There are 2 protein chains.
Amino acid sequence: MSQKSLGEIKDIISDHGLKVTHQRLMIYQALKEEKKHPTAEIIFEKIRKKNPSISLGTIYKTLEIFVEKGLISRVNTSEGNMRYDGLIDNHDHIYCTNTKEIIDFRDEELNTLISNFFNKKKISNFDLKDVRLHITGEKIDPSKDVKIN
Amino acid sequence: MSQKSLGEIKDIISDHGLKVTHQRLMIYQALKEEKKHPTAEIIFEKIRKKNPSISLGTIYKTLEIFVEKGLISRVNTSEGNMRYDGLIDNHDHIYCTNTKEIIDFRDEELNTLISNFFNKKKISNFDLKDVRLHITGEKIDPSKDVKIN
DNA sequence: GTGGCTGCAAAGTCTTTGCACGAGT
DNA sequence: ACTCGTGCAAAGACTTTGCAGCCAC
C-alpha cells in the first residue's frame, strides 16, 4: 500500500511544483524505505552506494524543500541532529533511549481519544494544527524489535 | 509553590551529588524563572548581565550534568538547537510555529486518559517510561499569550 | 588538601550558503 | 532558452573538549 511506483513518485514531486530529478527521486525513495527516521547523513550514505556523485549539500537542500512543500516532515529530537519522516499521516513516535530508534506508532482509538479531548478543550489565541505523542522508554532486548499488541 | 528558596536549591543540587557553586545556582534559577524553555545561549545572556565572568562552556556543561542527574530535562525540537525545561513534572508542550515559543500545558484529565490507554495497550519488548504530547499550531495574535480555558 | 568545577579557546559536528556548471521543462 | 537544481567547498551555528587554575567540601 505505501509502496509507490516511480511514476507515482514523479507525480508527487511535480505536483508540488518541483522539477523531477534523479537525486530527488532517490532521496524520496530512500526516505520512504527507511523506517527509522534517518538523518541527512544516513540518506547520503545509502544513496551514495548506488550513486557516488551525489553531494551531502543536495541532500540537505532537498530534504528542506520537501519539508517546506509538505512531502515529508521533520521529527523532533533532543539529540543534536535532524531526522526526517517520509510518512505524513497522523501517527505517533516511540523513542528508544538506548538504541536511539524512533518507531512509528499508529492507533485509531488513541487518535479519536485525543481529537475528542481537544475538541472540547479550547486553547484561546491559538490555531491548533496537530497533536502528536512522544512515547519514551527503552527496548528490553535491543537486538529484537518492539512489537505493538 | 514552584518558587524555591536559595537553601532549597542548594539542597537539590547537593542531593544529586553535585558541588554547590555560584554558577550552578544561577543556572538552575535562571532556568526555573524562564518559562519559555530557553537555549543555552539565552541562559548565558541572562546570567551574564549580573555575572559577566560566566562562560558559555560552563552553561553547556552544567545543563548537561543537570539533565543527566535528572534535575532538569531537554525539550525535543525540530530546530537545530537544544532547549531545556526546568520543570520535570508530567506535562505537555504547545509549540508555536511562528514565534517558536514552547508553552507548558497541564491537564489532569488528559494525563489520566493517556495513562489509562497505555495501561491496556501493551507494547512488548519495550519498557515505557514516559508519554508526552506535542501540540503544534500557531498563535493568532503573536503579541498576546496563549490561554488555556 | 583533593577532586570536582570553571573559564578560555580550540576543535568538532551538523547544517547552510554561494557560485559556477548542468539538467529538466 | 530559461530557470531551477546540483556539486563542491567554504562558512556558519551550535556544542563539546582539553587543560590550567580555582573553589567547595
Side-chain angles (χ1 to χ4, degrees), chain A residues 6-7 9-31 37-48 50-69 71-72 74-84 100, chain B residues 6-7 9-28 30-31 37-45 47-48 50-69 71-72 74-84 100:
Chain A
L6 200 63
I9 299 176
K10 285 182 180 176
D11 289 347
I12 292 170
I13 294 173
S14 66
D15 287 353
H16 285 85
L18 299 172
K19 283 186 181 170
V20 177
T21 66
H22 188 216
Q23 290 87 336
R24 285 175 177 176
L25 289 170
M26 288 194 302
I27 293 168
Y28 190 81
Q29 277 185 314
L31 188 55
H37 311 84
T39 60
E41 187 74 35
I42 289 168
I43 293 178
F44 177 55
E45 291 304 338
K46 187 169 176 169
I47 293 177
R48 197 141 70 140
K50 292 278 176 189
N51 194 315
S53 70
I54 198 163
S55 88
L56 186 55
T58 299
I59 309 273
Y60 275 107
K61 283 175 195 165
T62 304
L63 289 170
E64 209 37 53
I65 288 173
F66 282 176
V67 168
E68 209 171 275
K69 300 286 184 184
L71 280 80
I72 68 172
R74 285 211 268 236
V75 178
N76 288 22
T77 65
S78 61
E79 317 293 317
N81 53 13
M82 260 158 205
R83 296 175 65 168
Y84 297 87
K100 308 292 178 211
Chain B
L6 199 63
I9 299 176
K10 285 181 180 176
D11 288 346
I12 291 170
I13 294 174
S14 66
D15 287 353
H16 284 84
L18 299 171
K19 283 188 180 172
V20 177
T21 67
H22 187 216
Q23 290 86 338
R24 286 177 175 175
L25 289 170
M26 288 194 302
I27 293 169
Y28 190 83
L31 187 57
H37 310 85
T39 61
E41 188 73 37
I42 289 168
I43 293 178
F44 177 56
E45 291 305 337
I47 293 178
R48 196 138 75 136
K50 292 279 176 187
N51 193 314
S53 69
I54 199 163
S55 89
L56 186 54
T58 298
I59 309 273
Y60 275 107
K61 284 175 196 166
T62 304
L63 289 170
E64 210 37 54
I65 288 173
F66 282 177
V67 168
E68 210 172 275
K69 301 285 184 184
L71 279 79
I72 66 172
R74 285 209 269 235
V75 179
N76 287 23
T77 67
S78 61
E79 318 292 318
N81 53 15
M82 258 159 208
R83 295 175 66 169
Y84 297 87
K100 309 292 177 211

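In the text below, chain A, chain B and the rest are named by the order of the sequence lines, each starting its count at 1. Quantities reported herein were computed from a predicted structural model and do not represent experimental measurements.
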Verdict with supporting geometry, Leu6(A) and Gln29(A), side-chain contact (heavy atoms from CB on, under 4.5 Å)
CA-CA 9 Å; Leu6(A) 200 63; Gln29(A) 277 185 314; 4.1 Å; yes
Decide yes or no on salt bridge (charged side-chain N to carboxylate O under 4.0 Å, His left out) for Glu45(A) and Arg48(A), but give the supporting numbers first.
CA-CA 5 Å; Glu45(A) 291 304 338; Arg48(A) 197 141 70 140; 3.4 Å; yes
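Within 4.0 Å of Thr39(A), counting heavy atoms only, lies no atom of the nucleic acid at all.
We find that CG of Leu18(B) is positioned 11 Å from P of dC25(D), with the value rounded to whole Å. Between the P atom of dC14(D) and the CZ atom of Arg83(B) lies a distance of 12 Å, rounded to the nearest Å. The separation between Met26(A) atom CE and dT6(D) atom P is 10 Å, rounded to whole Å. Going from atom CD1 of Ile42(B) over to atom P of dC14(D) covers 10 Å, rounded to whole Å. A straight line from CZ of Arg48(A) to P of dT6(D) spans 17 Å, rounded to a whole angstrom.
Under the salt bridge (Lys or Arg N to Asp or Glu O under 4.0 Å) criterion, Lys46(A) pairs with Glu33(A), Glu34(A), not counting sequence neighbours.
Using a 4.5 Å heavy-atom cutoff, the side chains of His22(A) and Asn51(A) are in contact.
Residue Thr62(A) holds its OG1 atom at 3.5 Å from CD1 of Ile27(A), rounded to the nearest 0.5 Å.
Remark: Glu68(B) does not engage Arg74(B) in a salt bridge, criterion side-chain N to carboxylate O under 4.0 Å.
Summary of the strand contacts: Ala40(B) and Thr21(B) both lie near DNA chain D, and taking for each the nucleotide with the nearest heavy atom, the more 5' one is attributed to Ala40(B). Residues Leu56(A) and Val20(A) both approach DNA chain C. Their nearest nucleotides, taken by heavy-atom distance, put Leu56(A) toward the 5′ side. Residue whose closest nucleotide on DNA chain D sits further toward the 5' end, between Tyr84(B) and Ser55(A): Ser55(A).
For Gln23(A), a side-chain nitrogen or oxygen approaches OP1 or OP2 of dG7(D) to under 4.0 Å. Listed pair Arg24(A) / dC4(D) fails the phosphate criterion, with no side-chain N or O lying under 4.0 Å from OP1 or OP2.
At distances below 3.5 Å, not a single donor-acceptor pair connects side-chain atoms of Arg83(B) with backbone N or O atoms of Val75(B).
Summarising the geometry of Arg24(A) relative to Lys19(A), their closest heavy-atom pair is NH1-O, 3.0 Å, with the distance given to 0.1 Å. The two residues Tyr84(B) and Leu31(B) come nearest to each other via the heavy atoms O-CD1, 3.7 Å.
Interface residues of residues 58-69 of chain A facing DNA chain D, ordered by number: Thr58(A), Lys61(A), Thr62(A); criterion, heavy-atom separation under 4.0 Å.
Scanning DNA chain C 5' to 3' for nucleotides with an atom closer than 4.0 angstrom to a non-hydrogen atom of chain A gives a first and last hit of dC14(C) to dT25(C).
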